[in-house]
Each structure stands twice: as C-alpha cells, then as structure tokens.
Visitor: 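Quick one: the structure is below, and I'll ask about it shortly.
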There are 2 protein chains.
Amino acid sequence: MEEHDELKKTGLKVTLPRLKVLNIFESSKEKHLTAEDIYKEMLGSGEEVGLATIYRVLTQFEQAGLLIRHHFESGKAVFELNEKSHHDHIVCLQCGHVEEFVNEGIEKLQTQVANEHGFTIIEHSLYIYGDCTKKDCEYKK
Amino acid sequence: MEEHDELKKTGLKVTLPRLKVLNIFESSKEKHLTAEDIYKEMLGSGEEVGLATIYRVLTQFEQAGLLIRHHFESGKAVFELNEKSHHDHIVCLQCGHVEEFVNEGIEKLQTQVANEHGFTIIEHSLYIYGDCTKKDCEYKK
DNA sequence: TAATAAATGCGTTTAATTTTCATTATCTTC
DNA sequence: GAAGATAATGAAAATTAAACGCATTTATTA
C-alpha cells in the first residue's frame, strides 16, 4: 500500500479518486500531465469522477508537496511527481515532448546572479524551448 | 513622432489605441504590464477603449516584435517592450518587483544542454524567484 | 476627398479553472 | 464494527483570462 501511506502522511483522507490520481502519475509513461489528461485517463478506465475533483486533488497534492505545477507556454497547467531532486525542462515546440535535465553550472550561476541583485533565491524555473528534430519526433500533441 | 514611425514600420495602421498602448509601455515606471493594467491605465486617462482591442493590439505587437509576452506564475500574460537585447528575469515573491539580467555563462550552458539532448534551441525562459529583502521592498503587489 | 481595407467597441463565446452545495464517503471514537 | 463528526465528491453554475463576430468607424492611398 505504497500510495496509501503517501496520502496518509499528507493529512488528506485516503479516497479512491486521490489514490487513482497518484497511481496514474506513478505508472504513466508521460510524466507531465494536465488535469484534462488525468480526467480522460480515469474516464477511460471506467472511473466515476468529476473534473472538479481532479483540479481540487491536483492543487492539494501540490500544496502537500507531492506534485509540482508547471506553466508551459500552452496556457494549461502541467503537473509532475515531485521527485524531490530538482531539475529543469527542455520542451519540443513541434511535438510537445518534454525532457528533464540538471546542470550544476547553471544552478551555481543562478545563485550568483541572485546575489549580485541582492536577492535570496527561493526557486527558479528554466525552460528551454526547441526542436527535437534529431530524435523520433513522433509524439502527437 | 517616435511611436508613430515605430508603428508604421510594422505595417499596422497608426491608430489612437495603438499609439496609446505603445506610449504607456514607453513611459511607465513598471516595465511589465498585463492587458488589464493597460486597460485600466487608459480608462483612467479618459480613453474610450475596449478590452478586446487591448488584447488584439498586444498580440499584434508581439507578432510584430515590439513586445515580448511572458507567462509568470500568476497565470496572466505579462508584456514588456522588446529591447531586442535578450535578458532573463528575477522576481521578488514578496513584492512582485522584477529585475532583469543577462548571464553569458548561463546562456552558453543552455545551448550545451540542448545539444546534449539533441535539441536545436529556439528560445528559453528563465525566471529566478526570490526575496529582495536587502532592497527597499516597498513595492505594493 | 472618395473608395477600400483595416481597426474598433460591444457583446458574446470559449477554455481553463474554481466555487457552491447537496450528497456520500472516510475517519475517529466508543 | 456502527454512529457521529468531518471532509470529499460530483454536477452545475460561476469566474477569469482571452478570443471572436459583426456592425460601425477610422486610417490609408489614389
């Protein structure tokens, strides 16, 4: 009961919709999902669920630190499991495929820039947008 | 007639709403403005304008390369004049104050990361979020 | 200045997300 | 393990940012 315990720790009640949402994130091939994605996935596997519940659960999971919310250029919010280990994103503008990366050099330079401006850095978001033409750009939007 | 010529160059007709929008960006203390901000500003100075026009004009200006559109965490689109010279942003989470910066090291490393992933980089967005406590954090949200 | 082509404002519409509220399920305690 | 308290759910309505349709107005260009 892995997911059951994860939920318990957050103080949220352990309900079917919440278990299912967590489960989808943990078993999905695509790590970055919108509320709509999850809703369709659940309807597809015969769950009785309302879209409002998905939105609520996603926000609660974000507040509980289970998920991270991203704002890509699309306008819709995208969520992924909070792996605790920080990483940034590189997004293909053609097919929407997302890859993750971490670059220590960039991290260090950011802290340096923040210092230069008298800021204490709390977080950051870095998205590289490009063209993954060298790869199998066969993902559908 | 500075702004007049700027508009001409884009091929767009030189109209009052468009001149006024440009003017607001060029004279505003705050460089980063939402459609709503501009709308209120114009109503405030007695202009007869519709919000739809603002949205249209902002999008046209973006396409013409006069403005850059940002997606901050707020969910609303934020625009700024396109100074042509690329820069990133550091945002204070307390007061919303935004500063700009460019760091060549970060730029280079991004290109490198893109290459490693087989991407051709088209653009990127980097926002550092923090606390500007050492400065006069007296801006109101 | 007249003709034409584009821009405007208003109201309506869409898309994503949030809220309300009555019903239902979970948790806690006995 | 059932009862009561409390929180979660689903459906529908509300909200918010942004876009659109169209009749009217305005800028351009000849």
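Naming convention: chains lettered A, B, ... in sequence-line order (proteins, then strands); numbering from 1 in each chain. If you're wondering where the values come from, they're calculated on a predicted model, not measured in any experiment.
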Visitor: Taking only residues two or more places apart in sequence, or in another chain, which ones meet A/E83 in a salt bridge (Lys or Arg N to Asp or Glu O under 4.0 Å)?
Guide: A/K31
Visitor: Can you pull the contact range of chain B along DNA chain C, 5' to 3', using atoms under 4.0 angstrom from its heavy atoms?
Guide: C/dA5 to C/dG11
Visitor: Under the 4.5 Å side-chain heavy-atom rule for ILVMFWY, direct or indirect, which residues accompany B/M42?
Guide: B/L7, B/L12, B/V14, B/L19, B/V21, B/L22, B/I24, B/F25, B/L33, B/I38, B/Y39, B/L43, B/V49, B/L51, B/I54, B/Y55, B/V57, B/L58, B/F61, B/L66, B/L67, B/F79, B/L81
Visitor: What's touching nucleotides 15-17 of chain D from the protein side, N or O pairs under 3.5 Å?
Guide:
unit_1, atom_1, unit_2, atom_2, d
D/dA17, OP1, B/K76, NZ, 3.1

Visitor: How do A/V78 and A/V14 order along DNA chain C: which one's closest nucleotide is nearer the 5' end?
Guide: A/V78
Visitor: For A/E26, enumerate each residue passing the salt bridge (Lys or Arg N to Asp or Glu O under 4.0 Å) test, keeping only those at least two apart in sequence or located in another chain.
Guide: none
Visitor: Would a 4.5 Å heavy-atom cut-off, applied to side chains only, mark A/T59 and A/R69 as touching?
Guide: yes
Visitor: Sorted by first residue and then second, give each side chain to side chain donor-acceptor pair (under 3.5 Å) pair with at least one member in residues 40-54 of chain A; sequence neighbours left out.
Guide: A/T53-A/R56
Visitor: Let me test you: for the helix from C/dT1-D/dA30 to C/dC30-D/dG1, what is the angle between the axes at its two ends (five pairs each), rounded to 10 degrees?
Guide: 40°
Visitor: Take nucleotides 8-13 of chain D nucleotide by nucleotide from the 5' end and write B, S or -, depending on whether a protein heavy atom sits under 4.0 Å from the base, only from the sugar-phosphate, or from neither.
Guide: SBBBB-
Visitor: To the nearest 0.5 angstrom, please state how far the CD atom of B/E116 sits from the CZ atom of A/F101.
Guide: 9.5 Å
Visitor: Who pairs with B/E36 by salt bridge (Lys or Arg N to Asp or Glu O under 4.0 Å), at least two apart in sequence or on another chain?
Guide: none
Visitor: Check ring pair (Phe, Tyr, Trp, His ring centres under 6.0 Å) between B/H89 and all other residues, then give those that pass, not counting sequence neighbours.
Guide: B/H32, B/H70, B/H87, B/Y127
Visitor: Going by the side chain to side chain contact (heavy atoms under 4.5 Å, CB included) test, name the single residue among B/L126, B/N103, B/D88 that passes it with A/V113.
Guide: B/N103
Visitor: Can you name the nearest heavy-atom pair linking B/A114 to B/I121, along with the distance?
Guide: CB-CB, 4.1 Å
Visitor: Using the side chain to side chain donor-acceptor pair (under 3.5 Å) criterion, which residues pair with B/T34? Sequence neighbours excluded.
Guide: B/D37
Visitor: Side chain to side chain donor-acceptor pair (under 3.5 Å) with B/E123: which residues, sequence neighbours excluded?
Guide: none
